[in-house]
Number of protein chains: 2
Amino acid sequence: MDPNCTCEKCELKSLFFQSVSEEELFNVCNNKKENEHKKGDLIIAEGSVIKDFIYLKSGLVKLYKTTRDHEQILKFAGPFDFVSILNIFSHNKHQYSVMALEDSVTCHVDFAEVRNMVLENGVFAHGLLQKMGQVSDSIIQESLQIRRHNLKGRVAIVLLYFANRVYEKDEFELPLSRKEIAEYIGKTTENVIRALSDFRKSNIIKIFGKVIEIIDKERLERLSKFG
Amino acid sequence: MDPNCTCEKCELKSLFFQSVSEEELFNVCNNKKENEHKKGDLIIAEGSVIKDFIYLKSGLVKLYKTTRDHEQILKFAGPFDFVSILNIFSHNKHQYSVMALEDSVTCHVDFAEVRNMVLENGVFAHGLLQKMGQVSDSIIQESLQIRRHNLKGRVAIVLLYFANRVYEKDEFELPLSRKEIAEYIGKTTENVIRALSDFRKSNIIKIFGKVIEIIDKERLERLSKFG
DNA sequence: CGCGGCTTTGATGTTCATCAAGTAAAGTGG
DNA sequence: CCACTTTACTTGATGAACATCAAAGCCGCG
């Protein structure tokens, strides 16, 4: 094993574990590319040709789709997420764009190599099927959840998502603009701001620009369930 | 090959084609079960344990999720659709219910057998990855499309979907109640009815109970794009 | 034949989008 | 580094879209 290869330590390996031989891993490792992206960088452009299997090593990104006049955000993805997994076997072009919300590092493995591994390694293929099911299910379930709620409920869901799932703290800096929250929950920017102001006036949260502090989490959770 | 086995002629075979050996197909064929379902029958209950890989041979079904007070329809599926594919590798329980909207026939293959084929047959696994990507993408894209439109636009999309994609005729019997349309597009039953009445008054469609005749398809298409 | 669910229409109120206008923050070029 | 421009944020006012409530007719089914 090449001592310069860091794939041994990569989280990606957990997906490959028990399935990819040393030889295969070595091959992947020597042909992979790691890219660094600054906050705001476009990582994948919708409509571009799929060449690589792309994995997010660190950071935070948004998956979104651009239509005539505005953008719709599908999902936020963090480490361990296979950003391109949904389309890679069924389309030759990316169906969604991916942009870095925080400085991020992606790992790119040539798609042909991944396909070969699928064809030759059933355990690996099975792992991909599992992962793909998880990703698609999370998008679908979140979308249905959002749809069931009104403005305040939707904003509450977003705040709790970042507090609980991303930062695991009740005070955090929102990696999103108000506009991006709106694009995720399907409401207007103004009304997202109004909901946040409302939460502030009701002493549910404190707002310092992009920094949010959740004061009354119980109430926010009630809103996220019944609002 | 068992002469009683009809799998040779099954559309499922196209997925397996070039990949499943005669022996494997014979095995699948002898262990498969075919079920007939009347319109309105529950085929899969959300939360039930996944035992089979389920394929819709004929008919029409809805995939939906039940929440405290109402249902949300995810997708309508017809022949060639793998109704359980999204969850089968990532969950042990069904995440969505499936109900027959028309008399339908499903084919059930034991999941353990499908998994074995994935593990041992890379081409088969690759085919599943492709299919799964298509299914998840269709749900996501449709959901985003619906979200971009107002009431009338959404109803127009549904009518055109059944006219163009399901029945391939401009006069057809809606397999859905008004309530189900509402559950799919995320509006109330009353407003779905109002949109339909509006289309009728504007001479875009004719309504005979469940039977819809599209008179002015161009206008309906404009609504489905810009409404 | 009567009950319950589906359909339809109308009236009313709520939620939210849009428009407008101003402030704050962040990027840009001299 | 500062003036300048642009983009993000915020609040208010208004109207449109839509949910809710109510009532009545229709249909299928036990």
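Quantities reported herein were computed from a predicted structural model and do not represent experimental measurements. Residue numbers start from 1 in every chain, and the chains themselves are labelled A, B, ... in the order their sequence lines are given, proteins ahead of strands.
- First and last contacts of DNA chain C with chain A, using any nucleotide atom under 4.0 Å from a protein heavy atom and ordered 5' to 3', fall at C:dC16 to C:dC19.
- A salt bridge is absent between B:D103 and B:K39; no separation between the charged side-chain nitrogens and carboxylate oxygens falls under 4.0 Å.
- Remark: B:R194 does not engage B:E190 in a salt bridge, criterion side-chain N to carboxylate O under 4.0 Å.
- If you take CZ on B:R219 and CD1 on B:I215, they are separated by 11.0 Å, rounding to the nearest 0.5 Å.
- Scanning all heavy atoms of the two residues, the minimum distance from A:H91 to A:I50 falls at O-CD1, 3.6 Å.
- Side-chain contact annotation: B:H94 with B:S84, donor-acceptor N/O pair under 3.5 Å absent.
- Straight-line distance from the NZ atom of B:K187 to the P atom of D:dT20: 11 Å, rounded to whole Å.
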Taking it one step at a time, do A:D137 and B:L86 satisfy side-chain contact (heavy atoms from CB on, under 4.5 Å)? CA-CA 7 Å; A:D137 198 55; B:L86 286 185; 5.9 Å; no
Got a list of protein N/O to nucleotides 8-12 of chain D N/O distances below 3.5 Å?
| from | atom 1 | to | atom 2 | distance (Å) |
| --- | --- | --- | --- | --- |
| D:dC9 | OP1 | A:K210 | NZ | 3.1 |
| D:dC9 | OP2 | A:R178 | N | 3.0 |
| D:dT10 | OP2 | A:R178 | NE | 2.8 |
| D:dT10 | OP2 | A:R178 | NH2 | 3.3 |
| D:dT11 | OP1 | A:R200 | NH2 | 3.3 |
| D:dT11 | OP2 | A:S197 | OG | 2.4 |
| D:dG12 | N7 | A:R194 | NH1 | 3.0 |

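- Of the options A:Q72, A:E46, A:Q95, A:E71, a side-chain hydrogen bond (donor to acceptor under 3.5 Å, both in side chains) to A:K65 is made by A:E46 and by none of the others.
- Atom NZ in B:K152 sits roughly 12 Å away from atom C1' in D:dA16 (whole-Å rounding).
- The only option from A:F162, A:Y64, A:F76 that meets the ring pair (Phe, Tyr, Trp, His ring centres under 6.0 Å) definition with A:Y184 turns out to be A:F76.
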